[in-house]
2 protein chains.
Amino acid sequence: MARLPEYLRALHALADAGHETVSSEGLANSAGVNSAKLRKDLSHLGSYGTRGVGYDVGLLIDQIESVLGLTQCRAVALVGVGNLGHALAGYDGFASRGFRIAALFDADPSRVGEEINGLVVRHVDELPRVAVQESISIGVIATPALAAQGVADQLVAVGVTSILNFAPCVLSVPEGVDVRKVDLAIELQILSFHEHRKASLTALPAAGGSALTALPGGLAVTDNQEAIGT
Amino acid sequence: MARLPEYLRALHALADAGHETVSSEGLANSAGVNSAKLRKDLSHLGSYGTRGVGYDVGLLIDQIESVLGLTQCRAVALVGVGNLGHALAGYDGFASRGFRIAALFDADPSRVGEEINGLVVRHVDELPRVAVQESISIGVIATPALAAQGVADQLVAVGVTSILNFAPCVLSVPEGVDVRKVDLAIELQILSFHEHRKASLTALPAAGGSALTALPGGLAVTDNQEAIGT
DNA sequence: AGGCGCTTGTGAAGAGGTGCACAAATCGCG
DNA sequence: CGCGATTTGTGCACCTCTTCACAAGCGCCT
């Protein structure tokens, strides 16, 4: 389930605040989901809450981390040390949640040798040797779109089976390899769509327009993320 | 639909490659989706393809950009010029797709005045004045989690109704305000889960274990993103 | 020890997305 | 002008996810 990390984050926040137990309602509010959904999610991983009390925060954290495979610190290879890659290399949100950026790569010789956050940028040709040496388990692609597929192929060749792709393109990978894509421009475009839709709706208070005009407000608004009302 | 931006990206790539028309199958491959799904999506926005030929690339680009509200260049305010914010400010993927980063803000006085990519970092207190002046329509939050809610409140107060949140926390906003969240660590955690699942599956070729043990492979793997096989 | 209030876990209904398969429509060619 | 190849648009069935509502269970207070 893709919501488990969100629960985990909320649980850590509650633990820091000193809470020992949480009700499904409280945790659901912290994570921004429905309480029934949260209970069903947690029941799916066999978690034991106590009726009448709630869930033990510490125990639940251990459970979820175990399911997510976060008990071991995973080594991440980052390919592409451009604008975005540079920021990712220095992003402390990774280390604080159990991920270690173990190696940086770039194809541009002028960038090789640069030191970022204590790590030296290596040439991408060294990927096979370093990947084995550092036992890389996840690859992050922050290259331009044109280079992304080639990098993905190289990562797959050295045995990486999980890839996080920031390049705006679709990657072809063999079965068994998981790819997640994050495209920052797409996120903005989705917001732009919502802006456009809201503007059209307010401009037409009692939309009696003909069905011929394809109004932005007329199509389904399903984008897998919802705003949380106060 | 959240898939429209992906179609748009694929269409731009096809247009650059010189294609005048595309079949739903071809475009679906480029965007990494099923062809039937793509046809249904396009039909929902009243788009006119020609049977026997396909879709006109240029026309479809105009249609989708119109629906997404990309005909006007939207001004974006970026709050939080830390590691990530710095990269976002310099990310050329925004400008190339119709978004203009119009203002940078930070709460840290030592960062105020710094120039990034031709823009001067302003103090967050100047947000109200600048937001109106630049007619900001989208706010991007790249602050630490603790500051995010406050920034969101400020953005809402100045009339911003679309927020892209990179801080690892849930934002409370009034109805009518759209929030999209991007949490880079969560993406890695989902990949970690897949790694863990794959490792468990290969370790147990014919999983005959008792149902009591909550195997990672036993729970539903639905994370709204799928790998595309070759 | 017993009852009461609170919370979990889950069955069932509802909603929505997905993909197949096929009819309708268009173009090119003889 | 007509036919076949090709491609769009869509009805239908399936399946998953979501949400409500409620029974079962646990702790606390008397």
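What you see is a predicted model, and the numbers here were worked out from it, not measured in a lab. Chain naming here is simple, since letters A, B, ... match the order of the sequence lines and numbering starts at 1 in each. The analysis underlying the following values was restricted to heavy atoms, covering all of them including side chains, and did not include hydrogens, waters or symmetry mates.
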Which protein N or O atoms sit under 3.5 Å from an N or O of nucleotides 11-14 of chain D?
unit_1, atom_1, unit_2, atom_2, d
dG11(D), O6, Lys40(B), NZ, 3.1

N/O contacts under 3.5 Å, protein versus nucleotides 23-27 of chain D?
unit_1, atom_1, unit_2, atom_2, d
dA24(D), N3, Arg51(A), NH1, 2.7
dG25(D), N2, Gly52(A), N, 3.4
dC26(D), O4', Arg51(A), O, 3.4

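Checked against Leu191(A) for a side chain to side chain contact (heavy atoms under 4.5 Å, CB included), the options Ile138(B), Val76(B), Val179(B) give a single hit: Ile138(B).
Protein atom OH of Tyr55(B) is 12 Å distant from nucleotide atom P of dT7(D), rounded to whole Å. The distance between atom CZ of Arg39(A) and atom P of dA21(D), rounded to the nearest whole Å, is 13 Å. Whole-Å rounding puts the Glu25(B) CD to dG9(D) P distance at 15 Å. For Leu42(B) and dT7(D), the CG to P distance is 16 Å, given to the nearest whole Å. One interatomic measurement links the two molecules: CD of Glu20(B) to P of dC27(C), which rounds to 15 Å at whole-angstrom precision. The interatomic distance linking Leu38(A) (CG) with dG9(C) (P) rounds to 10 Å, in whole Å. In this structure, Gln63(B) atom CD and dT8(D) atom C1' are separated by 15 Å, rounded to whole Å. In this structure, Leu45(B) atom CG and dG9(D) atom P are separated by 10 Å, rounded to whole Å.
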Item to complete: Decide side chain to side chain contact (heavy atoms under 4.5 Å, CB included) for Val79(B) and Val140(B); before the verdict, give the C-alpha distance in whole Å, the side-chain angles of both, and the deciding distance to 0.1 Å.
Response: CA-CA 6 Å; Val79(B) 185; Val140(B) 176; over 6 Å; no
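Summarising the geometry, atom CD belonging to Gln63(A) is positioned 15.0 Å from atom OH belonging to Tyr7(A); distances are rounded to the nearest 0.5 Å.
Looking at heavy atoms from C-beta onward, Phe193(B) lies out of side-chain contact with Leu70(A) at the 4.5 angstrom threshold. At a threshold of 4.5 Å between non-hydrogen side-chain atoms, the residues Phe99(B) and Cys73(B) do not count as touching. You'll find the side chain of Lys198(B) reaches within 4.5 Å of the side chain of Asp178(A), heavy atoms only. Side-chain atoms of Tyr91(A) and Leu184(B), non-hydrogen and from C-beta on, do get closer than 4.5 Å to each other.
Between Tyr48(B) and dA25(C) there is no side-chain N or O to OP1 or OP2 distance below 4.0 Å. One finds a side-chain N or O of Arg3(B) lying less than 4.0 angstrom from the OP1 or OP2 phosphate oxygen of dT18(C). Between Ser24(A) and dT8(C) there is a side-chain polar atom (N or O) within less than 4.0 angstrom of OP1 or OP2. The side chain of Asn34(B) contributes an N or O atom lying less than 4.0 Å from OP1 or OP2 of dC20(C).
There is no side-chain donor-acceptor pair under 3.5 Å between Asn29(A) and Glu25(A).
The minimum heavy-atom distance linking Ala131(B) with Val158(B) is given by the pair CB-CG2, 3.9 Å.
Both Asp41(B) and Ser43(A) sit near DNA chain C, but only Ser43(A) has its closest nucleotide nearer the 5' end.
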